[in-house]
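Here's the structure we're looking at; comments come further down.
Atom set for the values below is all heavy atoms of this structure, side chains included, hydrogens, waters and symmetry mates excluded.
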Amino acid sequence: MKLLSVIVPCYNEQENIRDFYDEIIKTGNYFKEHDVEIEIIYVDDGSFDETEKEVRELHKTDERVKLVSFSRNFGKEAAIYAGLKKAEGDYVVVMDCDLQDPPALLPEMYKAVAEEGYDSVATRRVDRKGEPLIRSIFARRFYKIINKMSKAEIVDGARDYRFMNRRFVNAVLSMEEYNRFSKGIFGWVGFKNKWIEFENVERKKGETKWSFWKLFLYALDGIVAFSTIPLAIASFVGLLLCLVTVFFIIFIIVRQCILGGDPNQVDGWASTVCIILFVSGVQLLCVGILGQYLSKTYLEVKKRPLYIVKEEI
Ligand code: UDP
Ligand code: MG
């Protein structure tokens, strides 16, 4: 018998706990036929409604339901990590509680990992139907920017809904960094990955836990976690400023030689402006150099593994 762990981060999802359970149990038959048992790990991310109680009730009637409960709201990323740590399964799948991640895809995902030799199956929405327009626009921009800035591939519309085998999960767990950005981490660890696309499903009950502001901060987190380019920007601007100043100085000298002094001008303004520009340029350049060292330190502090072994013979 193999075990499939279903990890469900929940934050104030009292209306969805039972519906989610029912839907997963429906796919249970398929898995039974394939000799796979299911455990459902609800991670209660510091909800202040009846989420925890609902899970406890389920646990009373079904031992396969498990609960990890946080002392306060630590965010979805922390909830995913806690779930992955707790999961004992040979296969692990991360799903949202609101049924926006269709359980109907599970058999296909299982097949890809168990039979077709993939290590993980990721999902992406092909549309953003039902989402506020502003949010979609910003989301698209974000994916464009982060993919330019980062080496890890971060796919537009990718969800956290992902089916993984044990070695993939272990690789994700080996990344113990504090500021977690799962979409980046999943891409970073590598392995053979399959993408499944589906149309956006609207939330069944309750409402989204992500305000525009929360998403914006999350996007910044993602960029900072997977790119050190912002630190290099200072260098670039500084260098540019220095170059511009040099041209400016040459221009002023040449003008002075050809046209001579201008009686209406205050003496010394040109040299003052040049000095200010040049010195600010040099300062920015130095800040940028500091930034480069800082970025190296930042990467060291994260203690990411140097490599991830796929297989040893
Ligand atoms: N969630 C969580 N902690 C949070 C915010 C959200 O565990 O601080 C969970 C939430 O309960 C849900 C999933 O993350 O199961 C996705 O959240 P939501 O549906 O609100 O996001 P959306 O689908 O709108 O992007
Ligand atoms: Mg949702």
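Glu23 meets the salt bridge (charged side-chain N to carboxylate O under 4.0 Å, His left out) test with Lys26; sequence neighbours excluded. Residues forming a salt bridge (charged side-chain N to carboxylate O under 4.0 Å, His left out) with Asp98 (at least two apart in sequence, or on another chain): Arg203. The salt bridge (charged side-chain N to carboxylate O under 4.0 Å, His left out) check on Lys76 picks up Asp96, Asp160, with sequence neighbours excluded. Residues passing the salt bridge (charged side-chain N to carboxylate O under 4.0 Å, His left out) test with Asp221: none are found, sequence neighbours excluded.
A side-chain donor-acceptor contact under 3.5 Å links Glu77 and Tyr218. Between the side chains of Tyr11 and Asp44, no donor N or O sits under 3.5 Å from an acceptor N or O. Checking Glu39 against Ser5 by side-chain atom types alone, a donor-acceptor pair falls below 3.5 Å. No donor-acceptor contact under 3.5 angstrom links the side chains of Thr123 and Arg159, judged on distance only.
The 12-atom threshold is exceeded at NZ of Lys302, counting heavy atoms of other residues, nucleotides or ligands nearer than 6.0 Å. Within 6.0 Å of NZ in Lys296 there are 12 or fewer heavy atoms belonging to other residues, nucleotides or ligands. In this structure, Tyr298 places its OH atom where more than 12 heavy-atom neighbours from other residues, nucleotides or ligands lie under 6.0 Å away. The local environment of CZ in Phe236 is sparse, with at most 12 non-hydrogen atoms from other residues, nucleotides or ligands closer than 6.0 Å. When the shell of 6.0 Å around CZ of Arg56 is examined, it contains 12 or fewer heavy atoms from other residues, nucleotides or ligands. More than 12 heavy atoms of other shown residues, nucleotides or ligands fall within 6.0 angstrom of atom OH in Tyr30.
Classified by interplanar angle (parallel below 30°, tilted 30° to 60°, perpendicular above 60°), the ring pair Phe142/Phe181 is perpendicular. Below 30°, between 30° and 60°, or above 60°: for Phe74 and Phe70 the angle between ring planes is above 60°, a perpendicular geometry.
Contact check for Val92 versus Leu4: no side-chain heavy atoms found under the 4.5 Å cut-off. Inter-residue side-chain proximity for Leu3 and Tyr91 is flagged as unmet; no heavy-atom pair is nearer than 4.5 Å.
Residues Leu239 and Ile249 do not share a hydrophobic cluster, defined by chaining ILVMFWY side chains whose heavy atoms lie under 4.5 Å apart. Note on Ile24 and Val8: same hydrophobic cluster, where clusters join Ile, Leu, Val, Met, Phe, Trp and Tyr whose side-chain heavy atoms are under 4.5 Å apart, directly or indirectly. Residues Ile223 and Ile229 share a hydrophobic cluster, clusters being chains of Ile/Leu/Val/Met/Phe/Trp/Tyr side chains in contact below 4.5 Å.
Counting only distance, with no hydrogens or angles, the side chain of Ser47 and the backbone of Asn12 share a donor-acceptor pair below 3.5 Å. Using a distance-only test at 3.5 Å, with no hydrogens or angles considered, a donor-acceptor pair links the side chain of His59 to the main chain of Val65. Remark: side-chain polar atoms of Asp49 are paired, donor with acceptor, to backbone N or O of Gln14 under 3.5 angstrom. Side-chain N or O atoms of Ser227 include none that pairs as donor or acceptor with a backbone N or O of Val224 at under 3.5 Å. Panel note: side chain Arg166, backbone Gly89; a donor-acceptor pair is recorded below 3.5 Å. Within the 3.5 Å criterion, the main-chain N or O of Cys10 finds no donor-acceptor partner in the side chain of Tyr42.
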Requested in this report: Take Asp62 and Tyr21, measure what side-chain hydrogen bond (donor to acceptor under 3.5 Å, both in side chains) needs, and give me the verdict at the end.
Outcome: CA-CA 10 Å; Asp62 189 342; Tyr21 171 81; 2.5 Å; yes

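Here the options are Asp119, Asp90, Asn170, the test is side-chain hydrogen bond (donor to acceptor under 3.5 Å, both in side chains), and the partner is Asn165; only Asp119 passes. The side chain to side chain contact (heavy atoms under 4.5 Å, CB included) test with Lys85 singles out one residue from Leu173, Val43, Ile80, and that residue is Leu173.
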Extract all donor-acceptor atom pairs below 3.5 Å that involve side chains of residues 106-116 and protein atoms in other chains or at least two apart in sequence.
{"unit_1": "Glu116", "atom_1": "OE1", "unit_2": "Lys194", "atom_2": "NZ", "d": "3.3"}

Got a list of side-chain donor-acceptor pairs under 3.5 Å for residues 271-278, not counting sequence neighbours?
{"unit_1": "Ser271", "atom_1": "OG", "unit_2": "Gly268", "atom_2": "O", "d": "3.0"}
{"unit_1": "Thr272", "atom_1": "OG1", "unit_2": "Gly268", "atom_2": "O", "d": "2.6"}

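Heavy atoms only, all atoms of each residue included: Phe212 and Arg135 are closest at CE1-CA, 4.4 Å.
Using a 4.0 Å cut-off between charged side-chain N and carboxylate O, Glu197 and Arg124 make a salt bridge.
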